[in-house]
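Presented below is the structure to which this report refers.
Worth saying up front: this structure is predicted, and the values here are computed from it rather than measured.
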Number of protein chains: 2
Amino acid sequence: MEKKYELIVIGSGPAGEKAAVKAAYFGHKVAIIEKEAYFGGAGVHTGTLPSKTLKETALYYSGKTDKGLYGVERKLEHEASVKDFLYRKNIIVDSINDEVHQNIIIHNVDIYTGDGSFVDEHRVKVSGEKEEVIYGENILIATGSYPFQPSNIPFDQKRIHDSDSILELTNFPKSICIVGAGVIGCEYTTIFAAMGAKVYLINNRDKILPFLDDDITNELVEQMKKDGIEILFNNSFTDIEVPESDQDLIKVSMKDGDPINVDMFLFAAGRSANTRTLNCEAAGVKLGKREVVEVNEKYQSSVPHIFAVGDVIGFPALASTSMDQGRVAISHIFDINDLNKISTVLPYGIYTIPEVSMIGITQEEAEAQEIEYCTGIARHKDMPRGRIMGVEDGFLKIIFSRDDLRILGVHIIGPLASELIHYGMTLVHNESKVNDVLRAVFNYPTLHDLYKYACYDGLGNLTGHKIKK
Amino acid sequence: MEKKYELIVIGSGPAGEKAAVKAAYFGHKVAIIEKEAYFGGAGVHTGTLPSKTLKETALYYSGKTDKGLYGVERKLEHEASVKDFLYRKNIIVDSINDEVHQNIIIHNVDIYTGDGSFVDEHRVKVSGEKEEVIYGENILIATGSYPFQPSNIPFDQKRIHDSDSILELTNFPKSICIVGAGVIGCEYTTIFAAMGAKVYLINNRDKILPFLDDDITNELVEQMKKDGIEILFNNSFTDIEVPESDQDLIKVSMKDGDPINVDMFLFAAGRSANTRTLNCEAAGVKLGKREVVEVNEKYQSSVPHIFAVGDVIGFPALASTSMDQGRVAISHIFDINDLNKISTVLPYGIYTIPEVSMIGITQEEAEAQEIEYCTGIARHKDMPRGRIMGVEDGFLKIIFSRDDLRILGVHIIGPLASELIHYGMTLVHNESKVNDVLRAVFNYPTLHDLYKYACYDGLGNLTGHKIKK
């Protein structure tokens with residue numbers, strides 16, 4: 001007989017896991033379908049955590065953050081192989097895979113392994129080792145996304161990679177060409193550069209990471225150049241020639257200028273929603289651009305009892321928001337009413353070297369919205385904690401209203417940016433004013449001092465009374 | 001002719017510097033008196049920054065935070081000498097000394113070098129290379145504190161140290177006995193242990209750092225023991241025998257139990273206010289216990305135009321609060337009204353290994369105040385960011401009101417505790433509730449996730465409905 005559930009979740013990534021577990025915690029009968037032999041989706045296996053771990057590995061191997069600081073240098077016992085480079089990443093992925101699996105099990109969520117596809121609006125067929133149809137009063141689509149693969153690129157998962165296959169690289173490139181200056185492209189650019197590779201970053205626009213504040217991207221571009229990274233703006237590749245022998249270089253022909261000759265090629269421009277094999281038509285679920293599931297603010301699709309969360313609904317496609325989308329959807333499905341809306345003030349964390357994070361509006365947005373704003377900046381190298389850490393670059397910038405001194409945006413580039421931003425998140429969220437920060441006492445020495453000195457700088461800019469430059 | 005100032009500041013430590021510079025920024029004529037040849041006081045030279053830098057040096061040399069994580073180990077090029085150990089500390093101290101000096105100069109504050117002492121309630125005599133009396137409409141005492149030296153300890157600044165002379169050590173001890181389990185004693189205990197010394201910490205009470213939450217101190221004691229540190233609770237030394245030869249060990253006799261034989265001895269129990277040479281009687285300024293200057297909430301002494309800030313007024317004697325006390329005093333002296341009161345919610349940061357930080361009330365205080373409270377805990381090792389960092393111990397604990405779920409206290413032990421606490425500071429300060437944290441979206445993966453999962457754990461404790469342990 002057909003098994004019946006109050007909720008079927010398709011996909012065990014960050015969005016699906018948190019949703020399934022929350023529903024089960026509140027006493028509902030839940031099934032989760034995972035097509036892979038592992039749990040956690042791209043968040044654990046190919047996206048978020050692997051690249052963040054590789055970033056830490058690259059920093060460790062390169063000694064980039066402590067070189068020259070302590071009088072005595074540290075050296076690797078032997079040169080790191082590709083196997084070494086992937087060692088920690090594999091440990092982390094395996095351990096969090098287990099954690100997600102355990103979390104699902106202890107919450108008594110039934111696990112189905114195989115591809116899920118709609119039979120009708122309440123029935124999902126699981127095509128695994130055997131085929132089975134299960135019934136769900138409610139269904140949550142959390143199938144994530146996959147790297148977009150243009151047909152003119154000869155992907156071979158050996159020298160020509162997308163952002164999934166790059167995690168299985170077997171040779172460490174001396175040079176690499178990366179296409180796409182979004183989050184993934186920029187993160188891998190700085191990881192490979194820290195590992196000593198010559199990196200060419202191809203960007204078809206005149207800005208990298210265009211949603212960031214211009215001062216931040218300019219600083220990031222400067223620091224990338226310092227690290228020997230070559231960024232080709234307003235350019236694109238026209239052809240890729242892969243030679244027979246792995247000893248010979250790949251030739252990447254460009255729209256403008258000379259071809260680039262490299263060991264490896266990584267395409268990291270865009271991801272598409274995983275809906276192709278879902279058979280959404282059978283349930284009447286409407287899809288939008290790039291095959292995303294269209295949802296309302298409750299994460300409800302065009303079919304009222306079918307919801308969708310995470311990468312499969314598109315922007316912002318971040319593990320952090322995806323988890324909370326999952327929790328919010330469950331709140332609506334089962335009328336739990338504990339979390340009916342995701343925060344409207346979302347932080348962005350970009351784990352490049354140096355790290356970047358932001359909350360609230362950028363200076364360009366303030367201008368576009370014709371807000372009477374003012375800015376203030378504090379630099380890591382002027383903070384005692386920054387000195388101790390030996391940070392030479394990096395800064396925190398605040399944007400605040402000239403009228404009432406309300407803080408509207410915070411932008412950070414430098415170590416720990418993705419942690420430090422959360423204090424700024426509360427400022428923007430609580431509509432705090434510059435003087436509220438001046439009244440706060442921070443532990444000393446910490447990088448949170450950046451907030452206080454950016455506020456002092458901002459007041460100096462506002463009044464035109466500045467003694468320090 | 002006698003020089004006249006609107007403000008004389010005595011001492012250029014964190015409190016004095018910020019006060020002098022703020023008064024000058026607002027257009028007032030200011031003099032600062034510094035008895036040393038350097039600027040920044042204990043905050044820069046003997047207290048705050050040196051020990052924090054030595055902590056980072058110890059972590060670097062020991063490789064404690066990354067050992068075993070990345071497959072390939074890092075090794076020091078050669079064994080670190082004492083000179084190496086002090087190398088970074090000296091760079092930091094020199095650079096911030098210059099910074100403070102420059103800050104005073106560009107604000108056009110007149111600098112006097114020498115001991116300052118009151119002639120009368122408006123006149124201060126500076127006894128330096130030459131002697132000079134200057135007149136101040138207002139006077140701010142910011143002379144700091146010095147390590148208390150009991151007469152039964154044969155301090156020699158070679159093997160028997162206080163917390164000033166330890167910074168000039170010339171031999172690295174294989175074993176050390178540290179007396180005093182306050183902030184300074186505990187910080188040096190973990191620094192020397194990380195550098196491989198056998199450390200005996202003598203504590204005349206049954207708790208270290210008694211103002212902390214018991215769960216935190218218990219964890220700190222556990223981790224200290226793991227690192228081979230021996231803590232002698234409810235005990236004290238009765239005698240110290242220093243042998244003629246430096247090759248022989250110092251014998252420390254104990255009230256209870258066997259004597260301890262060590263290379264080095266550090267007394268780090270208590271500091272006294274620097275008021276002995278100030279001649280406060282001449283101005284009529286009243287002193288209290290341990291020679292501190294008694295002040296009201298405006299930092300005004302018994303003489304209305306004489307103020308005092310920083311260590312010289314006693315608790316909490318932290319660089320962070322001292323700076324803001326200086327700024328608040330200036331606000332009152334010159335009716336600036338920008339910062340009339342220091343924040344009532346002060347964070348404490350203790351730079352032990354592991355780091356500890358807190359804001360708001362402890363569980364013991366909640367009990368003493370008969371508050372209906374509940375707690376929640378999240379562990380670093382359960383957070384993806386903690387896994388990436390390889391943190392095995394450490395946790396964040398929240399204390400919240402059972403009635404309205406208001407967050408009353410946050411306690412953290414583990415890496416970056418002193419940074420992470422500031423998000424908790426805004427929670428306590430804004431009277432935020434557990435559900436406010438659940439609604440927040442944090443960058444992923446970050447250690448700020450600890451806040452969210454501590455809140456989930458707290459709700460589980462509150463309802464008695466917990467699936468995970």
Side-chain angles (χ1 to χ4, degrees), chain A residues 25 48-49 52-53 56-57 60-61 63 66 69-78 80 84 87-88 92 95-96 106-107 318-321 324 338-339 342-343 346-347 349 357 384 387-388 416 418-423 425-426 430 435 438-448 467-468, chain B residues 25 48-49 52-53 56-57 60-61 63 66 69-78 80 84 87-88 92 95-96 106-107 318-321 324 338-339 342-343 346-347 349 357 384 387-388 416 418-423 425-426 430 435 438-448 467-468:
Chain A
Y25 176 89
T48 321
L49 297 180
K52 279 60 182 169
T53 311
E56 298 305 323
T57 307
Y60 174 83
Y61 284 157
D66 48 37
L69 288 191
Y70 290 102
V72 186
E73 295 301 317
R74 286 196 296 199
K75 282 199 163 164
L76 291 180
E77 274 179 346
H78 57 81
D84 296 324
Y87 169 84
R88 180 98 194 130
I92 294 297
S95 97
I96 304 208
I106 63 173
H107 282 85
L318 294 167
S320 51
T321 41
D324 277 337
D338 64 335
L339 188 67
I342 211 166
S343 170
L346 293 174
S357 199
R387 292 269 172 98
I388 291 175
L416 299 177
S418 64
E419 300 278 4
L420 298 175
I421 201 69
H422 296 114
Y423 179 80
M425 183 169 84
T426 69
N430 296 326
N435 286 305
L438 301 187
R439 266 190 293 277
V441 174
F442 299 107
N443 282 323
Y444 178 87
T446 61
L447 287 181
H448 277 79
I467 287 173
K468 283 191 182 177
Chain B
Y25 176 88
T48 321
L49 297 180
K52 280 60 183 168
T53 310
E56 297 305 322
T57 307
Y60 174 83
Y61 284 159
D66 48 39
L69 288 191
Y70 290 103
V72 186
E73 294 301 316
R74 285 196 294 199
K75 280 198 165 165
L76 291 180
E77 274 179 347
H78 57 83
D84 295 325
Y87 169 84
R88 179 96 193 133
I92 295 297
S95 97
I96 305 206
I106 61 171
H107 282 84
L318 294 167
S320 52
T321 41
D324 277 337
D338 64 335
L339 188 68
I342 210 167
S343 170
L346 292 176
S357 199
R387 293 269 172 99
I388 290 175
L416 298 178
S418 64
E419 299 279 3
L420 298 175
I421 201 69
H422 297 113
Y423 179 80
M425 183 169 85
T426 69
N430 296 325
N435 287 305
L438 301 187
R439 266 191 292 277
V441 174
F442 299 107
N443 282 323
Y444 179 86
T446 60
L447 287 181
H448 277 78
I467 287 173
K468 283 191 184 178

| said: Looking at A:E419 and B:L420, would you say the former's side chain and the latter's main chain have a donor-acceptor pair under 3.5 Å? | reply: no
| Where on B:L339 is there a heavy atom nearer than 4.5 Å to chain A: the side chain, the backbone, both, or neither? | side chain
| query | Does any heavy atom of chain A fall under 4.5 Å from the side chain of B:L346, the backbone, both, or neither of them? | reply | side chain
| said: Which atoms of B:D84 are under 4.5 Å from chain A, going by heavy atoms: the side chain, the backbone, both sets, or neither? | reply: both
| field | Aromatic centroids of A:Y423 and B:Y423 separated by under 6.0 Å | value | no
| query | Quick check: does any side chain N or O of A:Y444 sit under 3.5 Å from a backbone N or O of B:G349, one acting as donor and the other as acceptor? | reply | no
| query | Tell me, side chain or backbone of A:I421 under 4.5 Å from chain B's heavy atoms, or both, or neither? | reply | side chain
| query | Given side chains that start at C-beta, do those of B:E77 and A:K75 come closer than 4.5 Å, heavy atoms only? | reply | yes
| Contacting region of A:I92 [heavy-atom separation from chain B under 4.5 Å] | side chain
| field | Stepwise side-chain contact (heavy atoms from CB on, under 4.5 Å) check, A:D338 with B:L438 | value | CA-CA 9 Å; A:D338 64 335; B:L438 301 187; 5.7 Å; no
| message | For the CG atom of B:N430 and the CG atom of A:N430, what is their distance to the nearest 0.5 Å? | response | 4.5 Å
| Side chain / backbone / both / neither for B:T53 at chain A, heavy atoms under 4.5 Å | both
| said: As an exercise: rank A:H78, A:R439, A:E73, A:M425 by heavy-atom pairs under 4.5 Å with chain B and give me the winner. | reply: A:E73
| said: Closer than 3.5 angstrom, by distance alone: can the side chain of A:Y87 be matched with the main-chain N or O of B:V72 as a donor-acceptor pair? | reply: no
| task | Kindly indicate whether the side chain of A:L69, heavy atoms from C-beta on, has any atom under 4.5 Å from the side chain of B:Y60. | result | no
| task | Return yes if a side-chain donor-acceptor contact under 3.5 Å exists between A:R387 and B:S95, otherwise no. | result | yes
| What part of B:L447 is in contact with chain A, defined as an atom under 4.5 angstrom from a non-hydrogen atom: side chain, backbone, both or neither? | both
| said: Between B:S357 and A:N443, is there a side-chain donor-acceptor contact under 3.5 Å, judged purely by atom types and distance? | reply: yes
| Student check: side-chain heavy atoms of B:D66 and A:R74 closer than 4.5 Å | yes
| message | Taking every non-hydrogen pair under 4.5 Å, which of B:A440, B:G63, B:S418 racks up the most with chain A? | response | B:S418
